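Only heavy atoms go into these numbers, but all of them, side chains included; no hydrogens, no water, no symmetry mates. The sequence lines fix the lettering, A, B, ..., with proteins before strands; numbering per chain opens at 1. It should be emphasised that the depicted structure is a prediction, and the values quoted were computed from it without experimental measurement.
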Number of protein chains: 2
Amino acid sequence: MAFGAVRIFRLLADGRRQISAFHLPGEVFGFELNATHRFFAEAICATGLRAFRVTADVDVSRDLLPLALGGLAKAQEHLLVLGRQSASERLAAFLLDLAERQGGLEQFDLPMSRLDIADYLGLTIETVSRTLTRFKTKGVISLPSLRRVVVRRWGPLQEMAE
Amino acid sequence: MAFGAVRIFRLLADGRRQISAFHLPGEVFGFELNATHRFFAEAICATGLRAFRVTADVDVSRDLLPLALGGLAKAQEHLLVLGRQSASERLAAFLLDLAERQGGLEQFDLPMSRLDIADYLGLTIETVSRTLTRFKTKGVISLPSLRRVVVRRWGPLQEMAE
DNA sequence: CGTTGCTTTGAGAGCTCTCAAAAGGCGTGG
DNA sequence: CCACGCCTTTTGAGAGCTCTCAAAGCAACG
């Protein structure tokens, strides 16, 4: 991806949504897509993509398999988060992940809405909002704008994420 | 796998466990294993395995990639369960999955303990037990023994699983 | 400056968890 | 064959965390 952000998600019949992954600029993806089961990919905001075709130029074992295995590892990591961590732990892990993927700086973008975050972390939008407010109150982060995060203290964040 | 059952799981520092997959007889697996992050595979009971080596005989794009992608699809399916479904929905989906993988008969084995089920579904052992009891009380299933399930009424089970 | 949609905050309910004890299964040994 | 002990499972009671419903606050936009 060149710029923007993409979400990969599934829906239940009643509309409940689970986002299984976000993809940021510089990342290659597409394996998550499975035609058979209400899987979707959507751009979150203005986004530029490059598509690749599987041709003789693509070495499956060298290029595609590592990508698929990486996606599998991330999905399993996320299973641990959804199955066994509290709201604070989920948010902390999420912020650390985003920070790392954007270069590890103390300030970074939050390209997705609160609802997207909630649907990624298996929470409600209200719980996401309340938890971010608690982080802010504790001085762990600050939010210069709705879509921008500054990490004030990495230690507590890393401890919470386990 | 020839017989038995295997669980794939991850641990948090404080001992919380998340099982990401069970593997039953007849299934090929191994891609879940990732050396870098406290990943484990364990036999649940007496189990027979066959190991394959990646040699010239194995066509990566024909054999390995579909397997990895299948694992990814299952993991993402499971993310939806852990992120967005209630205890009853999780148990119902779990029982239906087990039934299907054992031939779709109305009677099938439960090769894993209640604790394993809980750690797979992101619940506690007590909640798993209570939910199974409720299914039994409603006449949806019966449990001739601890490790054996009979589905009495498929309809309610499928509705609960969505 | 009003409208519209997203986010935050508040109050209370509900589902699952925690802690605890009873019940049930299963193998060992008498 | 029965008694005992250990481990798993079930059941009970209460607490806690997250959810639901509701309203207020904010920001972007015409």
Side-chain angles (χ1 to χ4, degrees), chain A residues 5 7 12 14-19 42 44-46 81-95 109-138 140-149 160 162, chain B residues 5 7 12 14-19 42 44-46 81-95 109-138 140-149 160 162:
Chain A
R7 57 180 171 238
L12 284 170
D14 62 4
R16 281 176 289 178
R17 184 179 69 155
Q18 178 64 44
I19 294 179
E42 281 179 359
I44 293 173
C45 46
V81 171
L82 294 190
R84 288 295 175 223
Q85 296 199 301
S86 68
S88 303
E89 292 171 333
R90 295 181 202 200
L91 249 308
F94 176 69
L95 293 178
D109 284 326
L110 218 54
M112 64 291 289
S113 71
R114 300 293 189 267
L115 182 58
D116 283 333
I117 298 173
D119 284 350
Y120 177 69
L121 297 178
L123 301 170
T124 60
I125 183 175
E126 294 94 334
T127 298
V128 168
S129 179
R130 277 186 248 270
T131 305
L132 285 176
T133 299
R134 210 175 317 130
F135 284 4
K136 228 168 34 180
T137 306
K138 287 182 184 169
V140 175
I141 63 170
S142 60
L143 299 172
S145 80
L146 276 178
R147 299 297 181 92
R148 191 104 191 132
V149 178
M160 280 191 288
E162 292 283 63
Chain B
R7 60 180 170 236
L12 285 171
D14 61 5
R16 281 176 289 178
R17 183 178 69 156
Q18 178 63 44
I19 294 179
E42 283 180 356
I44 293 172
C45 46
V81 172
L82 295 190
R84 289 294 174 225
Q85 296 199 301
S86 69
S88 303
E89 292 171 332
R90 295 180 201 199
L91 249 307
F94 176 69
L95 293 177
D109 285 325
L110 217 53
M112 64 291 291
S113 70
R114 300 293 190 268
L115 182 57
D116 283 333
I117 298 174
D119 284 349
Y120 177 68
L121 297 178
L123 302 169
T124 60
I125 183 175
E126 294 95 332
T127 298
V128 169
S129 179
R130 276 185 249 271
T131 306
L132 286 176
T133 300
R134 210 175 317 132
F135 284 3
K136 230 168 34 180
T137 307
K138 287 181 183 168
V140 175
I141 63 169
S142 61
L143 299 171
S145 79
L146 277 178
R147 299 296 182 94
R148 192 108 190 127
V149 178
M160 280 191 286
E162 292 280 64

Distance check needed: [N] [atom2] versus [X] [atom1], whole Å only.
X         : N       : atom1 : atom2 : value
Leu110(B) : dT9(D)  : CG    : P     : 9 Å
Leu115(B) : dT10(D) : CG    : C1'   : 14 Å
Leu121(B) : dC17(C) : CG    : C1'   : 15 Å
Ile117(B) : dT9(D)  : CD1   : P     : 8 Å
Arg148(A) : dT7(C)  : CZ    : P     : 17 Å
Arg134(A) : dG10(C) : CZ    : P     : 13 Å
Leu91(A)  : dT18(D) : CG    : C1'   : 13 Å
Arg114(A) : dG25(D) : CZ    : P     : 19 Å

[X], nearest nucleotide to its side chain (from [options]):
X         : options                  : result
Thr124(A) : dT20(D), dT9(D), dT8(C)  : dT20(D)
Arg147(B) : dT18(C), dT9(D), dT8(C)  : dT9(D)
Glu126(A) : dT18(D), dT9(C), dT11(D) : dT9(C)
Leu146(A) : dT9(D), dT7(C), dT18(D)  : dT7(C)
Leu123(B) : dT9(D), dT16(C), dA20(C) : dT16(C)

Does Arg90(B) reach the side chain of Val128(B), with side-chain heavy atoms less than 4.5 Å apart?
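Of all side-chain heavy-atom pairs linking Val128(B) with Arg90(B), none is under 4.5 Å.
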Could you tell me whether the side chain of Arg7(A) and the main chain of Tyr120(A) form a donor-acceptor pair under 3.5 Å?
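Answer holds: no.
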Test item: Ser129(A) side-chain N/O and Ile125(A) main-chain N/O as donor-acceptor pair under 3.5 Å:
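Side chain of Ser129(A) to backbone of Ile125(A): no pair is present.
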dT9(C), OP1 or OP2 - any side-chain N/O from Arg130(A) closer than 4.0 Å?
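No, Arg130(A) has no side-chain N/O under 4.0 Å of OP1/OP2 on dT9(C).
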Would you say a side-chain N or O of Thr133(A) is under 4.0 Å from OP1 or OP2 of dT8(C)?
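No, because none of the side-chain N or O atoms of Thr133(A) sits under 4.0 Å from OP1 or OP2 of dT8(C).
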For Ile125(B) and for Gly122(A), find the nucleotide of DNA chain D with the closest heavy atom, then tell me which residue's nucleotide is more 5'.
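Per heavy-atom nearest nucleotide, the more 5' residue is Ile125(B).
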Base, sugar-phosphate alone, or nothing: which one does Ser113(B) contact when heavy atoms must sit under 4.0 Å apart?
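Since only primed, P, OP1 and OP2 atoms lie under 4.0 Å of Ser113(B), the category is sugar-phosphate.
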Are any of the side-chain nitrogens in Arg16(A) or Glu89(B) under 4.0 Å away from the carboxylate oxygens of its partner?
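The answer is yes: the pair qualifies as a salt bridge.
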